[in-house]
Amino acid sequence: MNTEIVKIEIDNDSVSASALGEKGAEIFTDEDKAIIRHAGEIIKNGGLVAFPTETVYGLGGDALNPESSKKIYAAKGRPSDNPLIVHIAEFDAIRKITSEVPENAVKLANAFWPGPLTMILPKSDAVPKETTGGLDTVAVRFPSDLVAQEFIRAAGGYVAAPSANISGRPSPTEAKYVIQDMDGRIDMIIDGGENEIGLESTIVDLTINPPQVLRPGFITNEMLSDVLEEKVETDRAIIEADSGIAPRAPGMKYRHYAPQGTLTIIEGKREDVVAEINRRLAQDKAEGFRTGVIASDETIGEYCADVLKSSGKAGDQFVAAHRLYSILRSFDDENAERMYSESFALDGFGAAIMNRLLKAAGHQIIKI
Ligand code: AMP
Ligand code: MG
């Protein structure tokens, strides 16, 4: 298949996402609008288009067309029991795809939509089981990225989209990674530059009481608890790697985000971590392996690895999250075989960073 690759570069920061509608349309050139209309037609005709969002790139198809969902699974090589998130571009669109909109969903939408929050709700008959991986529930998100919104509207309002990577690889945060994985497999790729956040949305399940976070993200448990005025916990299966419990978001059980070599997280006091990683690097080098390290600006200079990647200033969670997937991908590009990462604190957005890093490392963490 010939994949059309097009560029739309707008400044998402220059327009507040809530001031959309008529005004939002003006930030696009006529050429941009024509591209987005064309992308929308592809979706309406049952095709697939990768598009930018504020989290990661999505691989979009018509959420209400079972054949489109089957194509998404095929393009990604994704197991068909792993449901897709349905993306909408206005709150009221939620009513068609759900059988019930609880008060909690309205509260969370008022607080965090458009934005990086996905809600699990009971599905309506309008959503085919192919889209929900056979479940009676549907995952819904209203992204804040303006290209994403305009595209969803052009596509008819309901775009099923998992991350636009081959199943198991790190989610793409730049179009070049979408091209690496999807060129020749889908109809179109919209290059909208680097994604703002760089980690997937928080998923909260509102079909159970109390609500539960199935995947941590930029919207933290504390932020959700504040709005809902009740304690929101994370699905235990996600926090405890060896719990033997099945995660409630089917996708969380698969190996994910993984670079091609092996990644090990080393946690402990700063000097101990530096010494331990360097000891391992020396050993790997002696055995002929190409090595890599993920560390903060403050310590990166102390490591002797072939590929050094900074996660930003220590404690800057936003930068660390933003860089994580492109670092994991660049290890592959630079043929690193043995990689080590410093650990991240678990507070706030850190829970999401550590969740993805642990999955990328196949849960290999050494505490010293
Ligand atoms: P992706 O956006 O590619 O990372 O995948 C979407 C994630 O949402 C996967 O981890 C799915 O398992 C999860 N998900 C989607 N729909 C549901 C649902 N109805 N119930 C629970 N988890 C879901
Ligand atoms: Mg994914």
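The analysis underlying the following values was restricted to heavy atoms, covering all of them including side chains, and did not include hydrogens, waters or symmetry mates. Start at 1 and go down the list; that is how both ligands and their atoms are numbered. Numbers here simply count residues along the sequence, with the first being 1.
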Ala305 backbone acceptor or donor facing Thr291 side chain under 3.5 Å
no
Is Phe318 close to Asp316 at the side-chain level, that is, under 4.5 Å between some pair of heavy atoms?
yes
Protein heavy-atom partner closest to atom 18 (C) of ligand 1 - residue, atom, separation in Å:
Ile120 CD1, 3.4 Å
Charged N-O contact under 4.0 Å between Arg95 and Asp92:
yes
Can you tell me which residue and heavy atom of the protein come closest to atom 10 (O) of ligand 1, and the distance to 0.1 Å?
Gly251 CA, 3.4 Å
Do Ile208 and Val138 land in one hydrophobic cluster if side-chain heavy atoms of ILVMFWY residues count as linked below 4.5 Å?
no
Suppose I only count heavy atoms of Leu135 and a 4.0 Å limit; which atoms of ligand 1 are within that range?
18 (C), 19 (N), 20 (N)
Nitrogen or oxygen atoms of Pro162 and ligand 1 under 3.5 Å apart:
no
Just jot down the ligand 1 atoms closer than 4.0 angstrom to any heavy atom of Ile203, in number order.
7 (C), 8 (O), 13 (C)
So is Arg78 in contact with ligand 1, going by heavy-atom distances below 4.0 Å?
yes
Closer than 2.8 Å to the Mg ion (ligand 2), do we get an N, O or S atom from Ser163, backbone or side chain?
yes
Using modelled atom types and a 3.5 Å cut-off, is there a donor and acceptor pairing between side-chain atoms of Thr202 and backbone atoms of Ile219?
yes
Would you say Glu200 and ligand 1 have an N/O pair spaced under 3.5 Å apart?
no
Will you find, in the side chains of Ser330 and Asp333, an N or O donor that is under 3.5 Å from an N or O acceptor?
no
Atoms in ligand 1 with a heavy atom of Arg248 nearer than 4.0 Å:
21 (C)
